[in-house]
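A, B, ... follow the sequence lines: proteins, then strands. Residue 1 opens every chain. What you see is a predicted model; the values in this text were computed from it and never measured.
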There are 2 protein chains.
Amino acid sequence: MTTKKTKKEIIQEAAAHLFRDKGYSATSMRDLAEAVNLKASSLYNHISSKEEILRNICFDNAHRFISGMEEVEKSGADAPAQVRALLSLHIRTAMEDATSVTAFNDEWRHLNEPYLSEFKALRKDYEQRFRNILNTGMKSGAFRQMDPNVMLYTLFSSVRWLYDWFQEGKSRSAEAVEAEVIELLMGGLHSS
Amino acid sequence: MTTKKTKKEIIQEAAAHLFRDKGYSATSMRDLAEAVNLKASSLYNHISSKEEILRNICFDNAHRFISGMEEVEKSGADAPAQVRALLSLHIRTAMEDATSVTAFNDEWRHLNEPYLSEFKALRKDYEQRFRNILNTGMKSGAFRQMDPNVMLYTLFSSVRWLYDWFQEGKSRSAEAVEAEVIELLMGGLHSS
DNA sequence: ACGATACGAATGAACGTTCGTTTGCAAAGA
DNA sequence: TCTTTGCAAACGAACGTTCATTCGTATCGT
């Protein structure tokens, strides 16, 4: 059904997997070649450099999250619903494309300039738009009053474990985990 | 008046800083030497290998967290108080020794056997004891009912951003941030 | 007080290995 | 035929580490 994957896409996916497991720096082009049944030199028929692979991973995911943010902003929902939608986006993405997102989260610092600055700008933009939603929710009284940065980064990182966790195709259904995480974050550890 | 730091300690601290900024694999012994005003070869008068440095960082922090866990267990407090104490431990450690803890969190996978297995066992032990506390709290009705693993890992990773955040010596006081994070996690995003 | 001895600390040079990447050429597919 | 794909070989650079040596400063026997 899905259109056949190009060799470049196969290489990108294998690279994302290796970058997640061993890190960008500790992954050699010979490692990557072996993972796709090629020799290292052959890789360069499909990609132009090791960093290009990382670049694609980072910016593809950045755009994915920014697209999600745009949809949420257009929805016109209230702040709690918008936060729920964004948490859902983070959690679903973590489960559906864990390898790619992990590389995106942890390895972007190995980008070279000018891409490093470009990436940081995208990230900053996303964070600012998320912070706006949190501020709106605090102003309306829907959210507790607190430092919006503390709230923002706590939410961000609270779903980070999913990227590591779902590499082994865990038993729990994605929907159940998503629901539990969102309720935990919205309602807190305490019961009732 | 603190006793003078040995050169080995100076090297360890500089290494933790570099590992945090660039990652273990991307940090060369020549980078590290430059950071402590030595040549690469001179480092080996004080340490025996690059991995030994990482090993010390990882196991020192592992023991620090396990010691904290033992104190909490001995306290005999109820589950919510124990979780609060452990969150406080994570948050305070993140703020007081951010560089070392980041290396501990992100770079342990570069340990060689048998240390890798030993480290994983320590980590597993700590997680199991944390999970026991969460289960107790759920049984007593103090915590909401949910998958203890989802709860555990969400709590763990929700404080991860602090390690990255506090590298720039941020303005907020540590106590204020700690209080806000704990209330957010215990009570949730929603107000009241 | 004295020279002899030991030792911690630092160094430049070099080791073998691995790194990312380039080149030249052969085989395959269009 | 012309483009795409693959590979062996090789490249310079960087890697972690070892080595012989040096320098300064303690400690020692006398």
Side-chain angles (χ1 to χ4, degrees), chain A residues 3-59 103 106-116 119, chain B residues 3-59 103 106-116 119:
Chain A
T3 68
K4 191 165 151 258
K5 272 177 213 161
T6 70
K7 203 110 197 182
K8 179 161 184 172
E9 287 168 336
I10 293 174
I11 292 172
Q12 296 266 8
E13 287 175 20
H17 200 112
L18 286 167
F19 292 170
R20 195 263 299 271
D21 287 350
K22 326 195 343 169
Y24 175 78
S25 292
T27 299
S28 74
M29 295 302 275
R30 288 165 178 86
D31 291 336
L32 176 55
E34 197 179 9
V36 295
N37 283 324
L38 286 181
K39 303 297 171 178
S41 55
S42 307
L43 294 172
Y44 290 86
N45 288 321
H46 307 278
I47 53 103
S48 70
S49 72
K50 187 185 180 186
E51 197 223 3
E52 189 213 25
I53 300 175
L54 179 62
R55 213 154 58 215
N56 288 336
I57 292 173
C58 289
F59 283 95
D106 296 339
E107 309 298 336
W108 57 266
R109 58 186 162 169
H110 296 110
L111 290 171
N112 297 331
E113 295 291 1
Y115 305 102
L116 179 59
F119 178 84
Chain B
T3 68
K4 193 162 148 263
K5 272 178 214 161
T6 70
K7 201 107 198 183
K8 179 161 183 171
E9 287 168 337
I10 293 174
I11 291 172
Q12 295 266 4
E13 287 175 21
H17 200 111
L18 285 168
F19 292 171
R20 197 260 302 266
D21 286 350
K22 324 194 347 168
Y24 176 78
S25 294
T27 300
S28 74
M29 294 303 274
R30 288 164 179 88
D31 290 337
L32 176 56
E34 197 180 10
V36 294
N37 282 325
L38 287 180
K39 303 298 172 178
S41 55
S42 309
L43 295 173
Y44 290 86
N45 288 318
H46 308 279
I47 55 104
S48 70
S49 71
K50 186 186 180 186
E51 198 224 2
E52 190 213 24
I53 301 176
L54 178 63
R55 212 154 58 215
N56 288 337
I57 292 173
C58 289
F59 283 94
D106 295 340
E107 309 297 335
W108 57 267
R109 59 182 163 171
H110 296 110
L111 290 171
N112 297 331
E113 294 292 359
Y115 305 103
L116 180 58
F119 179 85

What is the nucleic acid contact for A/Thr27, judged by heavy atoms within less than 4.0 Å: base, sugar-phosphate only, or nothing? sugar-phosphate

Taking atom C1' of C/dG29 as reference, at what distance in whole Å does atom NZ of A/Lys7 sit? 14 Å

Ranking C/dT23, C/dT11, C/dA10 by distance to the side chain of B/Lys39, first place goes to C/dT11

Taking atom types as they are modelled, is there a donor-acceptor pair under 3.5 Å from the base of D/dA8 to the side chain of A/Ser41? yes

Any donor-acceptor N or O pair under 3.5 Å, side chains A/Asn45, A/Ser42: no

Is B/Leu116 close to B/Trp108 at the side-chain level, that is, under 4.5 Å between some pair of heavy atoms? yes

Without decimals, in angstroms, what is the distance between B/Arg30 CZ and C/dT18 P? 16 Å

A/Asn45 vs A/Asp31, nearer the 5' end of DNA chain C by closest nucleotide: A/Asp31

B/His110 NE2 - D/dC15 C1' separation (whole Å): 15 Å

Please check the phosphate of D/dG6 (OP1 and OP2 only) for any side-chain N or O of A/His46 closer than 4.0 Å. yes

Quickly work out the A/Tyr44 OH to D/dT4 C1' distance and round it to whole Å. 19 Å

Closest non-hydrogen atom pair, B/Ile11 against B/Val36: CA-CG1, 4.2 Å

Atom CG of B/Leu43 and atom C1' of C/dA10: how far apart are they, to the nearest Å? 11 Å

Would you name the heavy atoms of B/Phe19 and B/Ala103 that are closest together and state the gap between them? CB-CB, 4.1 Å

Taking all atoms of both residues into account, what is the closest heavy-atom pair of A/Phe59 and A/Tyr115, and its distance? CZ-O, 3.6 Å

Without decimals, in angstroms, what is the distance between A/Ile11 CD1 and D/dT4 P? 15 Å

Assign B/Ser48 to base, sugar-phosphate, or nothing according to its heavy-atom contacts below 4.0 angstrom with the strands shown. nothing

If you only use heavy atoms from C-beta on, which nucleotide in C/dG20, D/dT17, D/dG6 is closest to the side chain of A/Ser28? C/dG20

Name the closest nucleotide to the A/Lys50 side chain, picking from D/dG16, D/dT17, C/dT21. C/dT21

For B/Leu38 and D/dT17, what is the distance between atoms CG and P respectively, to the nearest whole Å? 16 Å

Atom-pair distance (CD1 on B/Ile53; C1' on D/dT17), nearest Å: 13 Å

